[in-house]
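Some notes on the structure that comes next.
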Amino acid sequence: MATLPMQGPAFAAYLAASVLISGLGAVGAALALTPSFGGPELSRGARIYTEECAGCHGASLQGRIAGPPGQRIPPLGVTGHAWQHSDAELFRLVARGSNPGAGSAMPAFDDRLAQAEIEAVLIYVKSHWPARFRYQQAALHPGGDGALVALLRDPDATLPGDCLPAVATTR
């Protein structure tokens with residue numbers, strides 16, 4: 001038995017078969033929901049983040065982790081844990097704010113930002129995460145197809161060597 005190479009026609013065929021098996025409708029829905037990390041949404045999200053979020057979370061998404069409880073603000077970049085929450089959870093947190101008893105209170109933004117503006121901010125924040133964080137975060141969404149879709153969209157992505165099962169090759 002040979003292992004399937006990570007590139008080339010055999011790999012493409014394997015991925016195509018995986019997509020078909022998982023259901024074209026689910027993948028189509030995930031394609032619609034998985035943001036691209038460029039374009040006007042990213043620029044809009046950067047502008048809104050600078051105006052509404054950077055004062056607390058920092059210009060580089062670094063947060064403020066020192067200080068007494070109630071004054072700590074979680075980082076949103078690679079040193080934080082925002083990527084461990086689904087888009088729905090992140091949206092709800094921005095829109096409704098956080099529980100003051102959780103160590104820090106985030107204000108609600110649903111009275112200041114429209115849904116599309118909150119989504120643009122989330123695209124901006126997620127654009128700062130490494131690809132592996134984006135894949136793991138995408139997998140938190142119902143259906144779990146988001147991680148595969150994100151992988152397929154990223155031309156620089158590589159799969160771990162043990163990701164694909166050994167496949168018998170025919171000549």
Side-chain angles (χ1 to χ4, degrees), residues 19 22 25-160 162-163:
V19 168
S22 68
V27 172
L31 275 171
L33 296 174
T34 304
S36 60
F37 292 102
E41 295 87 9
L42 182 61
S43 299
R44 184 178 187 199
R47 179 184 52 77
I48 296 167
Y49 179 88
T50 299
E51 294 170 0
E52 301 287 344
C53 311
C56 293
H57 289 283
S60 300
L61 290 80
Q62 74 273 14
R64 185 174 55 221
I65 55 174
Q71 294 180 6
R72 297 179 190 146
I73 298 169
L76 300 175
V78 297
T79 61
H81 69 276
W83 61 274
Q84 296 175 347
H85 298 280
S86 71
D87 283 350
E89 291 171 315
L90 294 172
F91 184 92
R92 186 172 43 253
L93 181 62
V94 173
R96 296 184 186 161
S98 69
N99 179 357
S104 67
M106 180 168 152
F109 284 87
D110 59 353
D111 61 341
R112 293 171 37 183
L113 298 176
Q115 177 178 339
E117 291 174 314
I118 294 173
E119 290 170 354
V121 168
L122 294 178
I123 288 172
Y124 172 73
V125 168
K126 289 163 62 169
S127 75
H128 287 79
W129 298 344
R132 70 181 187 280
F133 285 11
R134 293 194 312 263
Y135 302 153
Q136 290 174 332
Q137 195 266 346
L140 298 174
H141 303 157
D145 296 348
L148 175 61
V149 171
L151 177 64
L152 292 173
R153 284 185 161 181
D154 187 346
D156 297 324
T158 57
L159 296 173
D162 61 352
C163 181

| task | Name all residues meeting the side-chain contact (heavy atoms from CB on, under 4.5 Å) criterion together with A82; count only those two or more places apart in sequence or in a different chain, and write none if there are none. | result | L76, L90, W129
| request: Please list all pairs passing the salt bridge (charged side-chain N to carboxylate O under 4.0 Å, His left out) test where one or both residues lie in residues 88-98, with sequence neighbours left out. | output: none
| message | Test your reading of the model: is there a side-chain donor-acceptor pair from S86 to the backbone of L140, 3.5 Å cut-off? | response | no
| field | Closest non-hydrogen atom pair between D111 and A108, with its separation | value | OD1-O, 3.6 Å
| query | Nearest 0.5 Å, what's the CZ-CD distance between R44 and E117? | reply | 5.0 Å
| message | Can you list everything that forms a ring pair (Phe, Tyr, Trp, His ring centres under 6.0 Å) with F91? Sequence neighbours excluded, please. | response | none
| Residue pairs, two or more places apart or on separate chains, that pass side chain to side chain donor-acceptor pair (under 3.5 Å) and touch residues 56-66 | none
| query | For L61 and Y124, which heavy atoms make the closest approach, and how far apart are they? | reply | CD1-CE2, 4.1 Å
| field | Residues forming a salt bridge (Lys or Arg N to Asp or Glu O under 4.0 Å) with E52, sequence neighbours excluded | value | R112
| Listed partners of R132 passing side-chain contact (heavy atoms from CB on, under 4.5 Å), at least two apart | P130
| Would you say L113 and I48 make side-chain contact, with heavy atoms under 4.5 Å? | yes
| Partner residues of F133 under the ring pair (Phe, Tyr, Trp, His ring centres under 6.0 Å) criterion, sequence neighbours left out | W83
| Validation row: I73, M106 side chains within 4.5 angstrom (heavy atoms) | no
